[in-house]
Amino acid sequence: VYNEAMTTRVESRLALETQLRQAIANDELELHLQPKFCMDRRIVGAEALLRWHSDEIGWIPPNTFVALAEESNLIVELDTWVIRKACGLLASWKAEQLQAPQIAINLSAANLGDLSMVELLIRTCEEFDVAPAQLEVELTESALLTDMEQTRDALRLLKSHGFSIALDDFGTGFSSLSNLQHLPISLVKIDKSFVQELGQSADAEHIIRAIISLAHSLQISVVAEGVETEGQLEFLRQQHCDEIQGYYYARPMPWADLVQFLDNRSRAACLQQ
Ligand code: C2E
Ligand code: CA
Ligand code: CA
């Protein structure tokens, strides 16, 4: 049964979809980068997060438009844009003779079963003369569950070319860590919902402990995301978590700010020596 409210909703979704298509074509999207740190505060990489500023609507959060793109075929164009942009950033870093951190990109579950996405990654790295080891691909658990066999082939191909693979939002899905031993995953990211419940829920502590110890027994590193407080950081340090990402150390920022951020830190390190 169709009512007026539903029609309006469908119309506004279609309008948003058209605007997103134009935004991709007109290069109106941006990648912001959030540094990832190891426990001694060295930067080990940065995660690329999509930002869209529409003149008509203002800032639109990625959760909204990524989901929209996933429901239409736009996700292929969106992922392609992200891959090209990330490679472009790495190439410009190289051109300025700066040492670039590894960049992690989020790829949609929808495209993973399809080997053409893997081929696109390989071709784009070649085009921009970027080493695949400079890129990490973040996938969510649900991406792995849709078609295990095809996914495994895609991940193995990625790994054999030198890309690193991280499992995002870990703990929120239904996959068990035992599935991981058959997949070439180098990093799991503990979902921020667990980190943010630290101090309020004993369950969150147990889950984090279990993820870290099981991942380590499979030689997989662990990063905790959404770290906002000293208390959360301390707990994670005690549990031997390998890496930290969150507002406590740094928020996502435009590329130019990240270059400045890295520059300030290396100057400060020189002064301390
Ligand atoms: P995600 O991959 O789990 O990304 C982490 C989100 O947590 C980001 O939100 C980041 O800004 C936020 N965050 C980081 N540190 C903290 C913290 O300390 N506290 C809190 N409260 N939040 C923190 P963002 O940028 O809004 O992205 C939301 C989601 O949108 C991402 O979740 C990811 O699923 C999706 N997304 C973002 N960029 C892309 C992309 O390029 N491609 C695809 N397919 N999805 C993307
Ligand atoms: Ca992510
Ligand atoms: Ca995440």
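Just so you know, ligand 1 is whichever comes first in the structure, and atom 1 is the first atom listed for that ligand.
Taking NE2 of His161 as the reference point, atom CD of Glu119 lies at 9.0 Å (rounded to 0.5 Å). The OG1 atom of Thr151 sits 8.0 Å away from the CG atom of Leu183 when rounded to the nearest 0.5 Å. Rounding to the nearest 0.5 angstrom, the gap separating the OG1 atom in Thr140 from the CG atom in Asn106 is 9.0 Å. Remark: Leu107 CG to Asp79 CG distance equals 5.0 Å, nearest 0.5 Å.
Looking at Asp257 and His32, their side chains never bring a donor and an acceptor atom within 3.5 Å of each other. Counted by atom type alone, Ser108 and Glu70 present one or more donor-acceptor pairs between their side chains at under 3.5 Å. Remark: the Gln102 side chain and the Ser164 side chain contain an N/O donor-acceptor pair separated by less than 3.5 Å. Looking only at atom types and distance, the side chain of Asp191 has a donor-acceptor partner in the side chain of Ser193 under 3.5 Å away.
Using cut-offs of 30° and 60° on the angle between ring planes, the pair Phe37 and Tyr249 is tilted.
Ion pairing between a basic and an acidic side chain is recognised when a charged N comes within 4.0 Å of a carboxylate O; Lys192 and Glu228 show no such pairing. With salt bridges taken as basic N to acidic carboxylate O contacts below 4.0 Å, none links Arg237 and Glu230. Salt bridge status for Lys189 with Glu47: present, with a side-chain N to carboxylate O gap under 4.0 Å.
The shortest N/O to N/O separation between Glu70 and ligand 1 does not fall below 3.5 Å. An N or O contact shorter than 3.5 Å is missing between Gln245 and ligand 1 by distance. The shortest N/O to N/O separation between Glu138 and ligand 1 does not fall below 3.5 Å.
A search for salt bridge (Lys or Arg N to Asp or Glu O under 4.0 Å) contacts involving Arg123 returns nothing, not counting sequence neighbours.
Within the structure, ligand 1 has Gln196 among the residues with a heavy atom less than 4.0 angstrom away. At least one heavy atom of Arg51 sits under 4.0 Å from some atom of ligand 1. Not a single heavy atom of Pro61 lies less than 4.0 angstrom from ligand 1.
Atom 21 (N) of ligand 1 is approached by the protein to below 4.0 angstrom, counting heavy atoms only. Within a 4.0 Å radius of atom 32 (O) of ligand 1, the protein contributes no non-hydrogen atoms.
Proximity annotation for atom 38 (N) of ligand 1: of Leu50, Leu78, Thr140, Val66, Leu50 comes nearest, heavy atoms only. Of the candidates Val227, Leu49, Asp168, it is Leu49 that places a heavy atom closest to atom 4 (O) of ligand 1. Looking at Thr64, Asn106, Asp169 and measuring to atom 43 (C) of ligand 1, the nearest heavy atom belongs to Asn106. Of the candidates Ile105, Asn63, Thr229, Val82, Asn63 brings a heavy atom nearest to atom 34 (O) of ligand 1.
Residue contacts with ligand 1 for Glu47 involve side-chain atoms from C-beta outward but no N, CA, C or O (heavy atoms, distance under 4.0 Å). With a 4.0 Å cut-off on non-hydrogen atoms, Arg251 does not touch ligand 1 at all.
Tally of protein N, O or S atoms closer to the Ca ion (ligand 2) than 3.0 Å: 4.
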Item to complete: Before giving the answer on side-chain contact (heavy atoms from CB on, under 4.5 Å), spell out for Ile103 and Glu136 the whole-Å C-alpha distance, their side-chain angles and the decisive distance to 0.1 Å.
Response: CA-CA 6 Å; Ile103 293 187; Glu136 183 162 71; over 6 Å; no
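A heavy-atom distance below 4.5 Å is found between the side chains of Trp52 and Gln19.
Interface atoms of ligand 1 facing Glu228, defined by a heavy-atom separation under 4.0 Å, are 17 (C), 18 (O), 19 (N), 20 (C), 21 (N). Shown in contact with Gln34 at under 4.0 Å from a heavy atom are these atoms of ligand 1, numbered in order with element: 14 (C), 15 (N). Atoms of ligand 1 found under 4.0 Å from any heavy atom of Glu225, numbered from 1 in the order shown, are 3 (O). The Pro252 neighbourhood of ligand 1 comprises atoms 11 (O), with distances under 4.0 Å to a heavy atom of that residue. Below 4.0 Å from some heavy atom of Gly246 lie the following atoms of ligand 1, by number and element: 15 (N), 18 (O).
The protein heavy-atom contact nearest to atom 18 (O) of ligand 1 is Tyr247 N, 2.8 Å. What sits closest to atom 5 (C) of ligand 1 on the protein, heavy atoms only, is Lys192 NZ, 4.1 Å. Atom 24 (P) of ligand 1 has as its closest protein heavy atom Pro62 CG, 3.6 Å.
Note on Leu187: it does not cluster hydrophobically with Val227, by side-chain heavy-atom contacts below 4.5 Å among ILVMFWY residues. The same ILVMFWY cluster, assembled from side-chain heavy atoms under 4.5 Å apart, contains both Leu90 and Leu120.
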